[in-house]
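Encoded as structure tokens, the structure appears first; notes follow it.
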Amino acid sequence: MTTDETRGTQLENAPLLATPVNPLAEATVAFLRDSFGDAVLNVVEHRGEVTVTLQPDTLPQACQALRDAPHLRYNFLADITAVDWLEREPRYDVVYHLLSLETRAVIRLKAQVGDETNPDPELPSVMGVWPAADWYEREIYDLFGIRFTGRAELTRILMPTDWVGHPLRKDYPLSGFQLPDPHWGGQAPLAQPLPEGIGALTLRTRDGSEQANLRLPDQEGDDAGERAGG
Amino acid sequence: MQVDETTRLDVEENELLENGVRRDTMTVNMGPQHPSTHGVLRLILTLDGETIVKAVPDIGYLHTGIEKTAESKSYFKALVLTDRMDYLAPLCNNLAYSLAVEKLLGIDVPERAKYARIILAELQRIASHLVWLGSSALDLGAQSVFLYCFRERELILDIFELCSGVRMMTSYIMPGGLQADLPPGFEGKVRDFLRIFPSRLREYHDLLTNNRLWVDRTKGVCVLSAEDALAYGCTGATLRGSGIAYDVRKAFPYGGYERFAFDIPVGSNGDVYDRYLVRMLEMEQSLRIIQQALDGLPGGAWQVADRKIVPPPKYEVSSNMEALIHHFKLYTEGYRPPVGEVYVRTESPKGELGFYLASDGGSKPYRMHVRAPSFANLQALPKMIEGSLLADVVAAIGSIDIVLGEVDR
């Protein structure tokens with residue numbers, strides 16, 4: 001097995017894993033090199049999995065081409081995720097796992113974005129190619145703060161809508177930080193301007209007034225914190 | 001009830017204006033505390049009468065930050081987090097995670113471990129499908145099915161308890177093999193189950209498959225076309241119910257599945273009934289796999305021999321200095337896979353469960369991402385229910401078999 005001599009554990013008795021060959025990965029790399037030339041920045045193979053690093057701007061076109069190429073037909077977006085390499089420049093890897101249910105081709109695409117001057121980088125969305133990208137991109141925006149452009153509204157999906165910060169970043173504090181005061185746990189306090197997101201559908205009507213069934217008793221001396229928090 | 005005169009006048013005016021039908025939409029919350037959302041799912045539904053115009057799932061109520069937590073645990077210790085994602089199929093999560101770590105390390109496990117893992121994963125699939133069957137039938141009013149399903153699920157949980165001492169969060173499958181060898185009596189118990197279960201499965205079929213009420217509530221209801229299922233990244237029975245025969249066990253065999261003969265049930269209409277039938281038939285196929293794996297179960301080692309990956313047995317630790325050092329190193333620091341990244345896909349009871357691990361050469365996963373099947377399947381829910389009746393929403397949620405622990409992670 002290949003080990004990183006400096007850091008990897010030196011294995012003693014373990015049998016080696018046989019990694020199956022993936023002939024269509026080679027065809028995919030050749031196809032991308034032909035069609036996008038300079039946009040292919042890097043190709044790495046590790047444990048039989050091929051990773052192609054692309055220019056972030058060409059990603060939607062490359063995905064479209066891979067989906068429509070007759071000999072590859074990547075018709076299934078399995079997953080999108082991101083990795084924060086804090087000390088590296090560019091800082092984030094955005095990782096796409098593509099699959100073809102027809103040809104059984106598998107490939108991993110990667111776009112690297114973000115630098116020191118731009119902690120909230122942008123990346124074109126692939127939602128137009130696979131609608132499945134919607135929630136994955138929202139998740140990456142929520143947890144990493146990477147913005148996707150050219151798609152429907154990008155809102156938080158797992159964290160509360162009023163959350164500050166992006167928890168899966170490596171510089172996100174693990175302890176000892178203050179929540180915004182008072183913290184409403186995703187419910188917009190009635191007295192404050194409404195954050196963007198789902199709360200708008202239920203807490204207020206379109207003209208901005210509170211919905212009748214959510215209106216709380218308006219009593220003198222009853223402070224907003226107790227009312228909304230109770 | 002006191003009727004407000006002004007309100008009544010308004011309604012009457014509307015009726016006059018719009019030919020006796022009041023056209024207006026209404027927004028209601030379904031969940032997060034609704035019993036048939038199978039956890040803490042909230043659906044924001046816009047209704048026109050009883051018809052759903054728009055549905056927006058709101059998730060995150062069970063977000064526990066498992067991916068973040070894993071970054072501060074060693075590979076060895078992050079295993080227990082995986083049980084708690086899809087808590088109805090912890091062994092399948094263990095298996096996927098273990099395969100990913102093993103791929104990162106570049107090691108293979110002994111034959112006995114492979115067979116045992118497949119037996120356990122298939123038992124787990126049946127157990128998970130039983131919870132799905134019971135609870136989704138309960139949602140549509142078939143109460144007795146629920147009790148029967150949980151009766152049979154107990155038989156499976158007893159087998160898990162025999163192996164690991166725990167009924168649910170077993171962590172029994174670990175990177176490098178199994179936590180312990182299969183116990184004496186395991187084979188007998190599984191064979192008992194194989195003998196009992198087919199007749200019980202026929203009972204469920206008798207109760208539901210041709211039941212007029214069940215068919216009326218499920219057939220042609222909440223249809224998801226094959227194109228939509230594919231576009232929204234659905235996997236598992238949700239995809240197969242729509243007519244696409246994609247099962248990771250066949251398409252990309254892992255952990256020894258290529259050795260067993262089994263079929264993939266595929267639906268054609270993409271409605272609730274087809275998804276139901278696909279899972280029912282899948283249980284029969286799981287029985288086939290278990291039977292073959294049990295017949296071929298080899299003896300010998302059930303873990304890799306490498307003491308840097310798996311802990312040494314207790315009797316060695318108390319008598320052998322080197323074993324003590326290995327024990328200490330493994331529990332305090334763990335092993336360091338080489339720099340690199342892997343993605344391993346497996347077929348969990350809900351669909352394609354993928355683990356993406358990125359290693360920086362350290363003893364903790366630099367990044368662990370879980371491609372949760374329920375997350376992707378839930379994304380297609382609005383596509384299924386928009387245009388159908390409010391009462392069919394529970395049928396649709398039941399039919400995609402989500403576990404919110406996995407959706408939110």
Side-chain angles (χ1 to χ4, degrees), chain A residues 1-20 44 46-49 51 75-85 93 95 97 99 101 104 106 108 130-136 139 142-143 156-160 167-168 170 172 174 186 198 201-202 211, chain B residues 27 29 44 46 56 58-60 63 65 67-68 71-72 102-110 176 228 230-235 244 246 251-252 304-309 335-343 345 352 354 356 358 360-363 366-367 369 371 375-376 378-380 408-409:
Chain A
M1 62 175 282
T2 54
T3 45
D4 178 10
E5 292 300 321
T6 52
R7 303 197 69 182
T9 297
Q10 294 300 305
L11 299 173
E12 290 164 351
N13 305 314
L16 299 191
L17 183 74
T19 47
V44 181
H46 181 68
R47 304 266 186 251
E49 297 178 10
T51 310
N75 55 0
F76 189 82
L77 174 72
D79 186 31
I80 311 177
T81 186
V83 188
D84 177 8
W85 298 95
D93 279 346
V95 187
H97 289 101
L99 172 69
L101 298 193
R104 300 274 181 263
V106 182
R108 178 189 296 132
W130 301 283
D134 185 9
W135 280 21
Y136 295 118
E139 189 186 330
D142 190 358
L143 303 178
R156 286 186 181 271
I157 186 165
L158 294 176
M159 305 299 286
L168 272 178
K170 287 284 177 182
Y172 187 81
L174 291 177
I198 278 165
L201 283 172
T202 49
Q211 281 193 354
Chain B
T27 303
N29 276 309
I44 302 160
T46 308
V56 181
D58 182 16
I59 60 171
H63 179 52
E67 291 179 6
K68 184 77 174 174
E71 290 175 9
S72 56
E102 284 156 13
K103 193 169 186 186
L104 204 56
L105 285 163
I107 60 169
D108 204 4
V109 296
D228 283 340
L230 203 56
Y232 281 89
C234 295
T235 47
I244 297 178
Y246 173 61
F252 301 99
V304 292
D306 199 318
R307 294 287 176 242
K308 290 193 162 56
I309 311 293
Y335 38 84
R336 294 166 180 271
V339 179
E341 56 194 331
V342 293
Y343 178 80
R345 43 168 57 89
E352 177 179 322
Y356 171 75
D360 64 343
S363 61
Y366 189 77
R367 170 96 172 96
H369 173 70
R371 190 263 184 220
F375 184 78
L378 184 58
Q379 203 176 176
D408 296 343
R409 304 182 296 286

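Note that the structure is a prediction, hence the values are computed from the model and not measured. Protein chains get the first letters and strands the later ones, always in sequence-line order, with residue 1 at the start of each.
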- prompt: Can you name the residues that form a side chain to side chain donor-acceptor pair (under 3.5 Å) with Trp135(A), not counting sequence neighbours?
  reply: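 Here no residue qualifies.
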Partner residues of His63(B) under the side chain to side chain donor-acceptor pair (under 3.5 Å) criterion, sequence neighbours left out: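 By the side chain to side chain donor-acceptor pair (under 3.5 Å) rule, His63(B) matches no residue at all.
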Region of [X] in contact with chain A, defined by heavy-atom distances below 4.5 Å:
X         : answer
Tyr232(B) : both
Thr235(B) : side chain
Tyr366(B) : both
Ile244(B) : side chain
Glu71(B)  : side chain
Glu67(B)  : both
Tyr343(B) : both

Any idea which heavy atoms bring [X] and [Y] closest together, and the distance?
X         : Y         : result
Pro338(B) : Arg47(A)  : CG-NH2, 3.6 Å
Ala132(A) : Gly233(B) : CB-N, 3.6 Å
Ala358(B) : Trp85(A)  : CB-CZ2, 4.4 Å
Gln379(B) : Pro131(A) : OE1-O, 3.7 Å

For side chain to side chain contact (heavy atoms under 4.5 Å, CB included), just list the numbers for Asp93(A) and Arg367(B), CA-CA rounded to whole Å, side-chain angles, deciding distance to a tenth of an Å, and then say yes or no.
-> CA-CA 11 Å; Asp93(A) 279 346; Arg367(B) 170 96 172 96; over 6 Å; no
How long is the span from the CG atom in Leu104(B) to the NE2 atom in His46(A), to the nearest 0.5 Å?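 Leu104(B) atom CG to His46(A) atom NE2 measures 5.5 Å (nearest 0.5 Å).
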Using non-hydrogen atoms only, which part of Ala82(A) is less than 4.5 Å away from chain B: side chain, backbone, both, or neither?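 For Ala82(A), backbone heavy atoms alone lie under 4.5 Å from chain B.
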Review point. Considering only heavy atoms, which portion of Leu168(A) lies under 4.5 Å from any heavy atom of chain B: side chain, backbone, both, or neither?
Key: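 Backbone plus side chain of Leu168(A), per the 4.5 Å heavy-atom cut-off to chain B.
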**Request:** Report yes if the side chains of His369(B) and His97(A) come closer than 4.5 Å at any heavy-atom pair, otherwise no.
**Result:**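 No, side chains not in contact.
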Item to check | Heavy-atom side-chain proximity of Arg345(B) to Leu99(A) below 4.5 angstrom | outcome: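 A side-chain contact exists here, since the closest heavy-atom pair is under 4.5 Å.
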query: Looking at Gly340(B), Gly65(B), Gly176(B), which has the largest count of heavy-atom pairs under 4.5 Å with chain A?
result: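 Most pairs with chain A among the choices: Gly340(B).
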Next on the checklist: Keeping Arg371(B) on the side-chain end and Asp79(A) on the backbone end, is there a donor-acceptor pair under 3.5 Å?
Outcome noted: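 Not at all, since once roles are kept as given, no pair shorter than 3.5 Å links the two residues.
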